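Written out below as structure tokens is the structure these notes cover.
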Amino acid sequence: MDSDNRLGAFLRARRQQVSPEECGMAGGGQRRIAGLRREEVAMLAGMSADYYIRLEQGRDRHPSDQIVAALARVFSLDDDGAAHLRELARPAPRRTRATRRPERVTPSLLRLMRTWSDTPALVLGRHMDLLAATPLAVALNSCSAPGVNQVRMVFLDPEARNIFPEWPKIAAETVAGLRVSAGTDLDDPRLTELVGELSLKSEDFRRLWAEHEVRAKTAGQKRFTHPLVGELTLSYETFTVNGAPARCSSSITPSRPPMPSSLWFCSPACP
């Protein structure tokens, strides 16, 4: 998981996904590498090639804010990607991690969800474990039952490709969302276990994880294929649970069981 040089791994992955043409440069014929060369990134970002190489190799891990902004521009990072790059360049000090305890949904939130009889709603944990769901959410998608890990379901459950007609899009969004949720805390034992399992069992996950795409799923539309109803297109909104601990690289399991990270609502898509 590139735990020793996370900044370099991110820069290398993003560099390989930007073409010279996207940056207004001539392609230069057949190239031996995907994306930009290190020297091209350095030129576009206004820094020396030697300094950029040191960043990728991990010999310099704390670039200035100006350098971070320039690299975000060269790689065309959105707000989520740029924020992730800043976190990698300014990691918080690591502290001793307490014993992991299960995430929980508060009784008051569960009582509130029980009143949403006409709304599909899910509560997801930090690693996309489904912690609670309304009955309509489970009826909509049989894989949306409490206890199911959504990342594992998307990549390892054969039924997922039948449920989601746009499976490649869903898969990419799921991995990008997991990176947002994990932040820079890649040493988290639960995350290490999940990524390790999926990397061994799914070539698609392994490829997408290596791309270091970071993108939060805040709102949008999803298409489902239901065995009885047929194809459905629903809009969704994601809300952060305010009681959830903040995401940071030095996070420690709190004295009480940690709160879930997000709450999803679905509704029929607007025409």
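Just so you know, these numbers come straight off a predicted model, no measurement behind them.
- Aromatic pair F155/W167: ring centres closer than 6.0 Å.
- Heavy atoms of other residues, nucleotides or ligands lying less than 6.0 angstrom from CD of E203 number 12 at most.
- Proximity of a side-chain donor or acceptor of R14 to a complementary backbone N or O of L77 within less than 3.5 Å is not detected.
- The line from CZ of R6 to CD of E87 is 11.5 Å long, rounded to the nearest 0.5 Å.
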Task: From CA spacing to verdict: side chain to side chain contact (heavy atoms under 4.5 Å, CB included), L232, R223 - done: CA-CA 6 Å; L232 299 169; R223 291 170 57 201; over 6 Å; no

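- Both I170 and F224 are part of a single hydrophobic cluster, where members link through side-chain heavy atoms under 4.5 Å apart.
- The distance from atom OG of S181 to atom CG of L191, rounded to the nearest 0.5 Å, is 8.5 Å.
- Ring geometry for H212 versus F10: interplanar angle over 60°, hence perpendicular rather than tilted (30 to 60°).
- Salt bridge absent: R179 and E213 never bring a charged side-chain N and a carboxylate O closer than 4.0 Å.
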Task: side chain to side chain contact (heavy atoms under 4.5 Å, CB included) assessment of Y52 paired with L11 - done: CA-CA 9 Å; Y52 178 76; L11 294 176; 3.7 Å; yes

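- Looking only at distances, no side-chain donor or acceptor of E40 sits under 3.5 Å from a matching main-chain atom of P20.
- Although no hydrogens or angles enter the test, the distance criterion places no donor-acceptor pair under 3.5 Å between the side chain of E56 and the main chain of I53.
- A donor-acceptor pair is defined here as one N or O able to donate and one able to accept, closer than 3.5 Å; such a pair exists between the side chain of R90 and the backbone of P63.
- D80 contributes no side-chain N or O that, together with a main-chain N or O of V180, makes up a donor-acceptor pair within less than 3.5 Å.
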- [ ] Would you sort out whether D129 and R190 count as a salt bridge (Lys or Arg N to Asp or Glu O under 4.0 Å), showing the intermediate values?
- [x] CA-CA 11 Å; D129 296 304; R190 175 75 174 92; 2.7 Å; yes

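- Listed for the H62 side chain is a donor-acceptor partner under 3.5 Å among the backbone atoms of A89.
- No side-chain donor-acceptor contact under 3.5 Å links T225 to the backbone of G230.
- Under the 3.5 Å distance criterion, the side-chain polar atoms of S202 are left unmatched by any main-chain donor or acceptor of L198.
- Checked for salt-bridge contact, K222 and E166 miss the test: no charged N lies under 4.0 Å from a carboxylate O.
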Open item on the list: Apply side chain to side chain contact (heavy atoms under 4.5 Å, CB included) to residues D157 and C143 and explain how you reach the verdict.
Closed with: CA-CA 9 Å; D157 190 332; C143 296; 3.5 Å; yes

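- Hydrophobic clustering of Ile, Leu, Val, Met, Phe, Trp and Tyr side chains at less than 4.5 Å, counting indirect connections, keeps V138 apart from W116.
- Salt-bridge check for E159 with R161: failed, with every basic side-chain N at 4.0 Å or more from each acidic carboxylate O.
- For D79, the CG atom sits in a loose shell: 12 or fewer heavy atoms of surrounding residues, nucleotides or ligands are nearer than 6.0 Å.
- To the nearest 0.5 Å, atoms CD (E173) and NZ (K169) are separated by 4.0 Å.
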